[in-house]
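Read the structure below first, then the notes.
Both ligands and their constituent atoms are indexed starting at 1 by order of listing. Scope of the values below: all heavy atoms of this structure, side chains included, with no hydrogens, waters or symmetry mates.
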Amino acid sequence: MSETSLGEFDLIRDFFDRSELRSKRSDVVGIGDDCALLSVPEGFQLAQSLDTLVEGVHFPVDCDPFYLGYRSLAVNLSDLAAMGATPHSFTLGLTLPEADPKWLKAFSDGLAALAGQYDAGLIGGDTTKGPLTISIQAQGFVKSGKALRRNGAKVGDLIYVSGNLGDAGGALPDVLDGKIPETAQDKSSEYLLNRYFKPSPRVELGQWLVENGATSALDISDGVLGDLGHILKASGVGAELTIAYAPVSGALLEKVGSEQALKLALTGGDDYELCFTWPESRVKPLAEELAEICQLTCIGRIVEGSGLVDIATGEPLSPKAYRHF
Ligand SMILES: [Mg+2]
């Protein structure tokens, strides 16, 4: 943490400069100097992503600190996964109204729970006093020139999504009600709350897609219709979708019914699954090798033109903007 931290906030470093969060990598200089130092391996590029989460805007007031820590890091690792990068480390900018040791311990435990899975250590940051705001910058490495970008989708490519969609949106009423998985009223609600608070960054999938030549990819943070629109725009193409193929979980169906589940799958936010395009001529290895990593569903195809069309009706599909709290 920075030496310029204010008063009691110097204490905060105790919660973050701890072995569970420290990078185990030998080539890293982390917390303690004015800058962190890391080496980019030859033949790789540094991939960086920054997300800022503000209380009352991106997460509810009085959110559980453990889950807040976990989720704040997960959304950044998801961006690395979307580019096919391997996570390396992260820095943290934390603005807090007060230094509450219990809150800080739980928050850093949440960060550590996910960071340890990828050996993505905390290598620096800063703390200040103010309204609760969490900024995390995560970095990783990807082979030079190979990163998955949004501008490579080609006419004829198939469009895939990982996992199930809409779960995080289905959890929102419970999230706003202050629920966490441990206080869910039933199994379906518990599953959805876990999907909201502990999204799985699709790191392994992103790495496979880089190695095997996906033409474009991104992570779904604002609903697949809106996010796929970014690929279409960047690639100068359109898409036909079979919206009935949008994959939804049994828990979401049980909780909200099929009509609302489909709506959440298409336009709900915070899923952090990957959406990518793939040449149809190479579908066989995709289906065979990726079955081990995660569920994949083909929801449509890239076509000439622009925008999204519903194959069933021939009507344009308009992506809805993600609504913050
Ligand atoms: Mg993203």
Side-chain angles (χ1 to χ4, degrees), residues 45-54 57-59 68 70-93 111 114-115 118 120 133-142 146-153 159-169 172 195-210 214-235 239 246-247 264-278 294 296 299 308 319-325:
Q45 285 175 299
L46 180 67
Q48 285 190 316
S49 167
L50 172 78
D51 261 299
T52 294
L53 304 177
V54 180
V57 179
H58 303 99
F59 59 90
L68 189 56
Y70 193 104
R71 188 169 177 277
S72 301
L73 181 56
V75 302
N76 275 277
L77 298 187
S78 175
D79 277 332
L80 294 179
M83 301 282 290
T86 301
H88 175 278
S89 53
F90 70 102
T91 54
L92 169 68
L111 290 175
L114 184 62
Y118 296 98
T133 304
I134 299 150
S135 285
I136 288 183
Q137 176 169 276
Q139 47 260 328
F141 300 134
V142 62
K146 296 287 186 191
L148 303 168
R149 298 191 50 198
R150 300 176 175 190
N151 61 0
I159 301 162
Y160 283 85
V161 293
S162 64
N164 288 317
L165 304 180
D167 287 338
L172 258 192
R195 291 277 290 159
Y196 176 88
F197 282 117
K198 296 176 86 177
S200 310
R202 297 294 188 185
V203 170
E204 209 182 338
L205 172 60
Q207 290 167 336
W208 194 94
L209 294 174
V210 157
T215 49
S216 71
L218 47 61
D219 67 332
I220 304 171
S221 51
D222 299 341
V224 68
L225 291 190
D227 285 325
L228 177 57
H230 299 315
I231 286 181
L232 302 183
K233 204 167 173 196
S235 301
L264 287 170
L266 296 173
T267 63
D270 297 320
D271 282 320
Y272 301 104
E273 294 293 346
L274 297 192
C275 175
F276 62 93
T277 55
W278 187 263
C294 67
L296 288 182
I299 58 167
L308 290 151
K320 284 187 181 172
Y322 166 47
R323 287 184 297 273
H324 291 299
F325 289 100

### Task
Please tell me if the side chains of Pro247 and Leu165 come closer than 4.5 Å, counting only heavy atoms from C-beta onward.
yes
### Task
Side-chain contact test, heavy atoms from C-beta onward, threshold under 4.5 Å: evaluate it for Trp278 versus Leu209 and give yes or no.
yes
## Note on the structure
Across all chains, not counting sequence neighbours, the side chain to side chain donor-acceptor pair (under 3.5 Å) partners of Asp79 are Ser49
### Message
If the condition is side chain to side chain contact (heavy atoms under 4.5 Å, CB included), which residues does Ser200 pass it with, not counting sequence neighbours?
### Response
none
### Message
Show the nearest heavy-atom pair for residues Val224 and Val161, with the distance to one decimal.
### Response
CG2-CG1, 3.9 Å
### Query
side chain to side chain contact (heavy atoms under 4.5 Å, CB included) with Lys233: which residues, sequence neighbours excluded?
none
#### Entry: Shell of protein N/O/S atoms around the Mg ion (ligand 1), taken as anything under 2.8 Å
Asp79 OD1, Asp219 OD1
